[in-house]
Amino acid sequence: MIKLGRRKARSGSEPGKPAEAGTGDGSPIERVGHWVDDRLGVSKFTRSALDKIFPDHWSFMIGEIALYCFVILLATGSYLTFFFSASEKQVVYHGSYKPLQGVAMSDAYRSVVDISFKVRSGLVMRQIHHCAAVVFLAAIVVHLARVFFTGAFRRPREINWIIGVTLLLLAMANGFTGYSLPDDLLSGTGLRIAYSIVLSVPFVGSWLGYLLFGGRFPGTSIIERLFIIHVLFIPALIAVTLTAHMAILWHQKHTDFAGPGKSEDTIHGSRLWPQYAAKSAALFCFVAAVIAGLGGLAQINPIWIYGPYRAAAVSAGSQPDWYIGWLDGALRVMPPLEIRLFHHTIANPFFPGVVMPGITFALLYAWPFLEQRFSKDKAPHNLLDRPRDRPLRTAFGVSTITFYFVLFMAAGTDVFASTFGLSFQSLLVVFQFSLIIAPPLFGWLTWRLLKELSTQRAHPIQQPVGGRIVRTASGGYEVVGGEADGDGPAGGSALTPAGPAPGPDPASGRDPGPTPEPEPAGAATDTADAERAAAEPAGAAADRTPGSP
Amino acid sequence: MTDGHDYDYDQPEDAYRLEDRPAAARAVERRIAVYWGITTLAALSLAGVYLAGGQPQLEGLLLMIALGSLGLGLVVFARDLLPGSEQTGPRHEMASSEAERDATDEAFERGEMPFVRRSFLLRMLGLAGGALGFAAIFPINSLGPHPGDTLARTSWKKGSRLVTIDGKPVHVGDLSVDGVLTVFPEGATDDADAQTILINVGDAPQKIRPGRDTWSVQGHVAFSKVCTHAGCPVGLYRSTSHQLLCPCHQSTFDVLDECRPVFGPAARSLPQLALEVRDDGFLVAQHDYTEPVGPGYWNRP
């Protein structure tokens, strides 16, 4: 912030000119920089870092939202550790919250009630922490979807895809361990289910369960163990993995969508300093603002209503945090199957609780290599696919998302049943059938739709209409240059703003604005065209992978 | 980093958007100052709210205003007053040159070859490492006891009185028809797997397997309350249909048919506890459950 302030002050007199580096004068920050450079020689790196170019597209910001959530999680989480007591020692509550007066509970639960009602600013910190976790996972999943649908995982970025999937796993694990810490009735039930899933693992399940819980459920040490896992092990792993994720991104440079001025061998966008840094700092502010607002105004996980965990109690309508919903839903839709073989049992939760997530993550990890194998496309790619140009991949993605969405919805069977007065039995059967029918159906619909789209002439990359669309002074749009295509949507005629404007630059999603681009338009479209032609054989192969009708 | 020369790439002049419009730039400066003024005010109010005793909703709201306003100022600053012309720079192929690779391989081989040539030593080293790793597994064992057959047993014993969670013994007349009560063995109300649901089904007709005809007392039947699916307490009893429902995953058990699962993911009946009534009228268990309670596991007998 200080740096920005200085830039602003100086830009008034001599804009855009960096101050002379070198001797004693220069800003205080520069003098500190010189002092550091004398000892570490970091100027060369710093210069290249400040000049680093980042492409601009809103969808590239989703991963950044996740990053900023992690920062917020660290800050609020550190604060909470000062007040949380990771102990299952039984105490009797004598605090300010009347309904729990005289109730026996674990010290962990007592401390979370105190954080919520006794510690000043404790509740808002706790709720911001929980909201940030919810948004963190959401941002990771949406970021993953963005990377998937645009093909950003292709060579040379397979390693970063693997690291990213690992981050998703770690974030889910830390979310689960985190919301289990208060030792309330809801999360205790979740732990009981987790224990049952561990028990179901063939050969070593019961042993694993006893190791994890320090004996038979519930034992007396699980909260202590979850605490150290939640505040040290997994966060440390996330920090290391996240650093690697960003270092690789930095080294390989960001992908970009095809468009005028974009090519496989160049990177186009704004510099890290000051434009990108300022915008990114602003994004942090907005993410933090939204989460702070949620943390203050929207109640999340009111553990004082659930009550302390008691093994024999449970409340109806027990749902986990959203990112565990797909697992809970899978447990519900699983048919009553238990395998008994040679005096051994493979218990029911093993299939939805271990096999299904195992396959999920195995597929996620393997995807870049599977796609390479089927598409025979092993070439490096820096330009992204538009999802509509890759019908098969997009259809597969849509069908996968449908599958997990049905599982997620199935986790709310009882809530839907009681809210809408339906029978939970029929609802569950509907979900079971949807799980089988909906994914292929939506996948096929997507594939058909995209195939249909690809035969349309109105394709800004495959068949550029020629010329550029510029906004006229009156606010309309007009095509200049190139041969006017009689039946094209732009057709050389000016369009009013109210009309179906084809959009300034659908490929890059940016409005080039009233100022003309520096390079001639024809050259730009030609480049894009050539790129496209080069990429075409690979893309065509991708659409002919096995399974395509 | 070897990509330190992006700035040499034929770039357009760095200029900020309002460069040629000083009046507009001054207006924007004022606007940004207002945003950051709002941030200052909201932040100070936040401190004031804390000093006054704290108020979660107000704290969240003020923090949102402070941060949002700070972000707005930054965005406008970046858009109008910071140089941000579009730049183009080169990308580099990730792979190193053939020569670089060969040189690296060569450097590596000066340490690799001595091992490869002495393959016996290499195998010994592998063995030694494996043995160390093997020895390092054992301390993990201290994390918890070996389960043995403990999962197959609960605290119920011959003659254990049925008590409520508060330790109050249950008398045969305590429970009206269609009433349910969660009970534990006396002295073991903390044994989560011993939790049992006692139901008075009255004279509703029950299907009773041979051998179990002496397990109920005057319409009282007792079943393990630990769901055989994923271990949740099967706490909801619908007296009209005599069904027990697990609130977690909706497994449903038919109480009149020895708690056979009739819906949901549970695959096994809830184990039944054999009851008898003592001369003084208190309900007791005849013995522990005859099968392991709760979800399945590999070594389940």
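Numbers restart at 1 for each chain; the letters A, B, ... are given by sequence-line order, proteins then strands. Values reported hereafter were calculated over all heavy atoms of this structure, with side chains retained and with hydrogens, waters and symmetry mates removed.
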Considering only heavy atoms from C-beta outward, does the side chain of F286(A) approach that of V75(B) to under 4.5 Å? yes
Salt bridge (charged side-chain N to carboxylate O under 4.0 Å, His left out) filter on D191(B), not counting sequence neighbours, yields none
If one checks every heavy atom of V226(B) against chain A at 4.5 Å, the contacting part turns out to be side chain
Ranked by heavy-atom pairs below 4.5 Å to chain A, first place among T182(B), T150(B), L236(B) goes to T150(B)
(Q) If only side-chain N and O atoms count, and only distance matters, is there a donor-acceptor pair under 3.5 Å linking Y297(B) with S196(A)? (A) no
Okay, Y50(B) and chain A: the region with an atom under 4.5 Å from a heavy atom over there is both
Honestly, the part of P145(B) sitting under 4.5 Å from a heavy atom of chain A is both
Highest number of heavy-atom pairs under 4.5 Å with chain A among L61(B), I165(B), L72(B), T228(B) belongs to L72(B)
Between I193(A) and C232(B), is any pair of side-chain heavy atoms under 4.5 Å apart?
yes
Closer than 3.5 angstrom, by distance alone: can the side chain of Q195(B) be matched with the main-chain N or O of A311(A) as a donor-acceptor pair?
yes
message: For I159(A), I'd like to know if atom CD1 has over 12 heavy atoms of other residues, nucleotides or ligands within 6.0 Å.
response: no
Query raised in the report: Do side-chain atoms of D414(A) reach the backbone of Q250(B) as a donor and acceptor pair under 3.5 angstrom?
Result: no
Legend entry - Pairwise side-chain contact, S251(B) with R332(A), heavy-atom cut-off 4.5 Å (strictly under): no
dist R271(A):CZ -> Q87(B):CD (nearest 0.5 Å) comes out at 3.5 Å
Scored by heavy-atom pairs under 4.5 Å with chain A, the best of D193(B), L63(B), I65(B) is D193(B)
Between the CZ atom in R300(B) and the OG atom in S200(A), the distance rounded to the nearest 0.5 Å is 13.5 Å
When the 4.5 angstrom heavy-atom criterion is applied to R340(A) and chain B, the contacting part is side chain
Across all chains, not counting sequence neighbours, the ring-ring contact (aromatic ring centres under 6.0 Å, His included) partners of F223(B) are none
query: Would you say I53(A) and E86(B) make side-chain contact, with heavy atoms under 4.5 Å?
result: no
Here the gap from Q57(B) atom CD to L123(A) atom CG, rounded to the nearest 0.5 Å, amounts to 7.5 Å
Once you measure the plane-to-plane angle for W298(B) and H344(A), does it fall in the parallel (<30°), tilted (30-60°) or perpendicular (>60°) bin?
parallel
Between K279(A) (side chain) and A78(B) (backbone), is there a donor-acceptor pair under 3.5 Å? no
Okay, P156(A) and chain B: the region with an atom under 4.5 Å from a heavy atom over there is side chain
Applying a strict 4.5 Å limit to non-hydrogen atoms, the region of L428(A) in contact with chain B is side chain
